[in-house]
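Report on the structure given below.
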Amino acid sequence: MNEEFARLKNDIDTLIENLTDADFFAQGEDLVIGCSTSEVLGHHIGKQSSIDVAELIFEAFDEISKKFDINLMFQGCEHINRAVTMEHKIAKKYGYEVVNVVPHRGAGGSLSEYAYKHLEQPVVVEHIKANRGIDIGQTLIGMHLRHVVVPLRTEQKTVGRANVTVAFSRPKLIGGPRAHY
């Protein structure tokens with residue numbers, strides 16, 4: 001592993017440690033990850049996609065998904081309408097409508113491509129509502145999060161050269177001034 005990838009691995013490990021300490025990973029919940037591997041390497045989004053960076057990120061979060069029993073999902077890029085790659089059993093569980101596309105570096109991005117090739121039974125769906133999300137490189141995962149989204153501040157604010165935004169959702173507060181929560 002070269003020096004740059006060692007630093008990336010350290011960034012990812014530190015981010016995961018921050019999230020673990022904050023009890024971010026909740027058993028049985030959904031986690032959508034959006035990532036621009038180009039941004040991680042310091043390039044403009046979509047211009048220098050890296051399957052090696054995708055592998056590093058996928059493997060780290062795949063391990064976390066097994067450890068915490070979470071439903072892992074990967075958002076693609078705008079060229080596939082930010083569709084989400086996941087295991088077939090998760091799509092079936094939620095009744096998500098599967099779409100016909102295979103993500104790749106030119107349309108979907110390296111992380112979605114890598115996930116599609118390494119999940120047991122990958123499918124792609126167009127719309128989801130996940131409980132939690134990690135956005136590496138400003139890929140705009142917000143459309144795939146449930147209301148109400150709450151940002152989670154972490155010490156690790158970047159992976160490589162990409163900004164990291166982390167969020168979770170909470171139930172809506174309804175009923176007005178006389179309601180009790």
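When side chains are defined from C-beta on, I128 does not count as touching D30, because their heavy atoms never get closer than 4.5 Å. Side-chain contact between V53 and S110 is absent, with no heavy-atom pair separated by less than 4.5 Å. Considering only heavy atoms from C-beta on, I45 stays 4.5 Å or farther from Q138 through its side chain. The shortest side-chain heavy-atom distance between E63 and I16 does not fall under the 4.5 Å cut-off.
A donor-acceptor pair shorter than 3.5 Å cannot be found between the side chains of T37 and S50.
There is a path of hydrophobic side-chain contacts, each under 4.5 Å, that joins L145 to Y94. Hydrophobic cluster membership is shared by V149 and M73, with clusters built from Ile, Leu, Val, Met, Phe, Trp and Tyr side chains linked at under 4.5 angstrom. The cluster map of Ile, Leu, Val, Met, Phe, Trp and Tyr, joined by side-chain heavy atoms under 4.5 Å apart, puts F24 and I136 in the same cluster. In the hydrophobic cluster analysis, where Ile, Leu, Val, Met, Phe, Trp and Tyr join through side-chain heavy atoms closer than 4.5 angstrom, V32 is grouped apart from L111. Following chains of ILVMFWY side-chain contacts shorter than 4.5 Å, one can reach I70 starting from L15, so the two form part of one hydrophobic cluster.
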For side-chain contact (heavy atoms from CB on, under 4.5 Å), just list the numbers for E97 and V125, CA-CA rounded to whole Å, side-chain angles, deciding distance to a tenth of an Å, and then say yes or no.
CA-CA 6 Å; E97 183 178 348; V125 304; over 6 Å; no
Working for side-chain contact (heavy atoms from CB on, under 4.5 Å), residues F68 and L31:
CA-CA 11 Å; F68 290 98; L31 173 59; over 6 Å; no
Step by step, work out the side-chain contact (heavy atoms from CB on, under 4.5 Å) result for I57 and Y114.
CA-CA 10 Å; I57 292 168; Y114 191 88; over 6 Å; no
Please report the C-alpha distance between L152 and L19 in whole Å, then the side-chain angles of each, then the deciding distance to 0.1 Å, and finally whether the side-chain contact (heavy atoms from CB on, under 4.5 Å) criterion is met.
CA-CA 9 Å; L152 177 65; L19 296 172; 3.7 Å; yes
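Counting heavy atoms of neighbouring residues, nucleotides and ligands inside a 6.0 Å radius, atom NZ of K67 does not exceed 12 of them. Other residues, nucleotides and ligands contribute at most 12 non-hydrogen atoms within 6.0 Å of the NZ atom of K89.
The minimum heavy-atom distance between A179 and I174, with the atom names listed, is CB-O, 3.5 Å. For the residue pair E126 and N81, the shortest heavy atom distance occurs at OE2-ND2, 3.4 Å. Nearest heavy-atom pair, A91 versus V98, reported as atom, atom and distance to 0.1 Å: CB-CG2, 4.4 Å. Across every non-hydrogen atom of S38 and G46, the tightest pair is OG-N, 3.5 Å. For the pair H144 and R82, the tightest heavy-atom approach, listed with the atom from each and the gap, is NE2-O, 2.7 Å. Shortest non-hydrogen contact noted between L8 and G160 is CD2-CA, 3.2 Å.
A salt bridge does not link D11 to R7: none of the charged nitrogens lies less than 4.0 Å from a carboxylate oxygen.
A donor-acceptor pair under 3.5 Å is formed between the side chain of N18 and the backbone N or O of Q156. Checking side-chain atoms of Q27 against main-chain N and O of D69 turns up no donor-acceptor pair under 3.5 Å. In this structure, the side chain of T139 does not engage the main chain of D135 through any donor-acceptor pair within 3.5 Å. In this structure, E113 contributes its side chain and R105 its backbone to a donor-acceptor pair below 3.5 Å. The backbone N or O of E120 lies less than 3.5 Å from a partner atom in the side chain of E87, making a donor-acceptor pair. Checked by atom type and distance alone, the side chain of S169 pairs as donor or acceptor with a backbone atom of N131 at under 3.5 Å.
Two rings, from F58 and F74, have their centers less than 6.0 Å apart.
Here the CG-OG distance, from L41 to S36, works out to 8.5 Å after rounding to the nearest 0.5 Å. The distance from the OG atom of S112 to the CG atom of L119 is 10.0 Å, given to the nearest 0.5 Å. A distance of 6.0 Å separates OH of Y96 from CE of M86, quoted to the nearest 0.5 Å. Remark: L72 CG to D62 CG distance equals 6.5 Å, nearest 0.5 Å. Atom CD1 of I51 sits about 12.0 Å away from atom CG of L56, to the nearest 0.5 Å. Here NE2 of H147 is found 11.0 Å from CZ of R170. Values are rounded to the nearest 0.5 Å.
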